[in-house]
Enquirer: 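For reference, the structure I am asking about is given below.
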Amino acid sequence: MRLNRDFFSVDVLTLSKNLLGKILVRKINNKYFRARIVETEAYKGPYDKAAHCYNNKKTERTKYFWQSPGKLYVYSIYGNNYLMNISAKDENSPEAVLIRAIEPLDNFEFIKEIRNVKEKKIKLTDLGNGPGKAGACLQINLSYNGFDLCNEKDLFLIDDDNYKFDIERSVRINIDYAEEYRFKPWRFFIKNNTNVSKAKIPYQFIDD
DNA sequence: GTACCGATGTTCT
DNA sequence: GAACATCGGTACC
């Protein structure tokens, strides 16, 4: 069943966990494919020093943190990488979930074409095991800022109640600038899933 | 398997 | 002009 607004209208830490195992449905060139979310990170403004919206910093880029839940905030990083975030809770709470890894479930050859991979020998587990790769699989770019996952046909989320898994957590990746917030255990991933990113975890997390 | 390194586009100073 | 919520390649074990 398709996930509706209520699903996203929760605290960002809850949403980060609840999104694990859910299935993204994507339509490109009249073809559908599906991919499972296997890794997420929570960015919880305004007090989270790792978040782009820390201290209520609202700019042309970051204004998409203040949206109704279930909408996209997209930004580019290190060149041609587009990272996808989903807004949580409500339009007064600048909180969003970063999608850090996805597991393609079908149409693998089509996804390889989309990824523009030269070597067709690429492993399936390397297609979506990172936030930039996930954005590339889903063909996300800056024009997707404000995109509503609850109301569009070409990209949305569905449930998968039969899929059972355990959740693990760690500190978030590449946010060394975030002072004490770099120790928060706000990265969540599916235990033993081979599509989780190979990120190096620089610190142990500290319990709240 | 790990380790470095350059390329890349946008944002903000 | 620097910083950046990264990636793919090459080099070495």
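Side chains are part of it too, since the values below use all heavy atoms of this structure and drop only hydrogens, waters and symmetry mates. Throughout, a chain's letter reflects where its sequence line sits, starting with A, and its residues are numbered from 1.
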Enquirer: Quick check: closest heavy atoms across A:Tyr75 and A:Asn85, and the distance to 0.1 Å?
Expert: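 Answer, listing the atom of A:Tyr75 first, then A:Asn85: CE2-ND2, 3.5 Å.
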Enquirer: Are A:Phe7 and A:Leu149 side-chain neighbours, meaning at least one heavy-atom pair lies under 4.5 Å?
Expert: no
Enquirer: Students often get this wrong, so: under 4.0 angstrom with heavy atoms, is A:Asn174 touching a base, only sugar-phosphate, or nothing?
Expert: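 The residue A:Asn174 makes sugar-phosphate contact but no base contact.
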Enquirer: Between A:Asp207 and A:Phe205, is any pair of side-chain heavy atoms under 4.5 Å apart?
Expert: yes
Enquirer: What is the distance, rounded to the nearest whole Å, between atom CZ of A:Arg100 and atom P of C:dA5?
Expert: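 So the two atoms are 11 Å apart, to the nearest Å.
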Enquirer: Quick one: A:Tyr64 OH to C:dA5 P, roughly how many Å, whole number?
Expert: 19 Å
Enquirer: Hey, which of these two, A:Tyr177 or A:Asp126, hits DNA chain C nearer its 5' end, going by closest nucleotide?
Expert: A:Tyr177
Enquirer: Could you tell me how far apart A:Asn129 (CG) and C:dA5 (C1') are, to the nearest whole angstrom?
Expert: 16 Å
Enquirer: Validate the cation-pi geometry between A:Lys58 and A:Trp66: distance from NZ or CZ to the six-membered ring centre under 6.0 Å, angle to the ring axis within 45°.
Expert: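 Yes.
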Enquirer: If pairs are Watson-Crick or G-U with both distances under 3.5 Å, what is the dot-bracket string of DNA chain C, marking crossing pairs with [ ] and pairs to another strand with |?
Expert: ||||.|||||||.
Enquirer: Starting at CD of A:Glu41 and ending at C1' of C:dT6, how long is that distance when rounded to a whole Å?
Expert: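 Going from A:Glu41 (CD) to C:dT6 (C1'), I get 12 Å.
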Enquirer: Verify the contact: side-chain N or O of A:Arg182 to OP1 or OP2 of C:dA5, cut-off strictly under 4.0 Å; return yes or no.
Expert: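 For C:dA5, OP1/OP2 do not have a side-chain N/O of A:Arg182 under 4.0 Å.
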Enquirer: Less than 4.5 Å apart, any side-chain heavy atom of A:Arg182 and any of A:Tyr177?
Expert: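 No - every pair of side-chain heavy atoms lies 4.5 Å or more apart.
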Enquirer: For DNA chain B, which nucleotides open and close the run of contacts to chain A, 5' to 3', at under 4.0 angstrom from a non-hydrogen atom?
Expert: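 First-to-last contact on DNA chain B, by the 4.0 Å heavy-atom rule, is B:dA3 to B:dC12.
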Enquirer: Round to the nearest Å and state the distance from A:Lys200 atom NZ to C:dT6 atom P.
Expert: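 Answer to the nearest Å: 15 Å.
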Enquirer: Give the rounded distance in Å between these two atoms: OH of A:Tyr82 and P of C:dC7.
Expert: 14 Å
Enquirer: Verify whether one side chain among A:Asp6 and A:Ser9 offers a donor that lies under 3.5 Å from an acceptor in the other.
Expert: no
Enquirer: Using a heavy-atom cut-off of 4.0 Å across all strands, would you classify A:Leu83 as base, sugar-phosphate, or nothing?
Expert: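 Sugar-phosphate, backbone atoms only, no base.
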Enquirer: Side-chain N or O of A:Arg115 versus OP1/OP2 of C:dG8: is the shortest distance under 4.0 Å?
Expert: yes
Enquirer: Under 3.5 Å, is there a donor-acceptor pair between the side chain of A:Ser87 and the main chain of A:Ser68?
Expert: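 Yes; at least one donor-acceptor contact below 3.5 Å.
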Enquirer: May I have the distance from A:Arg172 (atom CZ) to C:dC4 (atom C1'), rounded to whole angstrom?
Expert: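 From A:Arg172 CZ to C:dC4 C1': 16 Å.
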Enquirer: If I pick the P atom on C:dA2 and the same atom on B:dG6, what distance separates them, to the nearest angstrom?
Expert: 16 Å
Enquirer: Grab the CG-P distance between A:Asn80 and C:dT6 for me, whole Å please.
Expert: 15 Å
Enquirer: Going by centres under 5.5 angstrom and planes under 30 degrees, do the aromatic ring of A:Tyr75 and the base ring of C:dA5 stack?
Expert: no
Enquirer: Mind checking if A:Phe65 touches a base, just sugar-phosphate, or nothing, with heavy atoms under 4.0 Å?
Expert: base
Enquirer: What contact category does A:Ala178 fall into here, base, sugar-phosphate, or nothing, at under 4.0 angstrom with non-hydrogen atoms?
Expert: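 Nothing: the residue A:Ala178, judged by heavy atoms under 4.0 Å, touches no strand.
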Enquirer: Would you call the rings of A:Phe183 and A:Tyr203 parallel, tilted or perpendicular, where under 30° means parallel and over 60° means perpendicular?
Expert: perpendicular
Enquirer: Is any NZ, NE, NH1 or NH2 atom of the basic residue among A:Arg172 and A:Glu41 found under 4.0 Å from an Asp or Glu carboxylate oxygen of the other?
Expert: no
Enquirer: Can you tell if the side chain of A:Lys184 reaches within under 4.5 Å of the side chain of A:Asp48, non-hydrogen atoms only?
Expert: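 Answer no - side chains too far apart.
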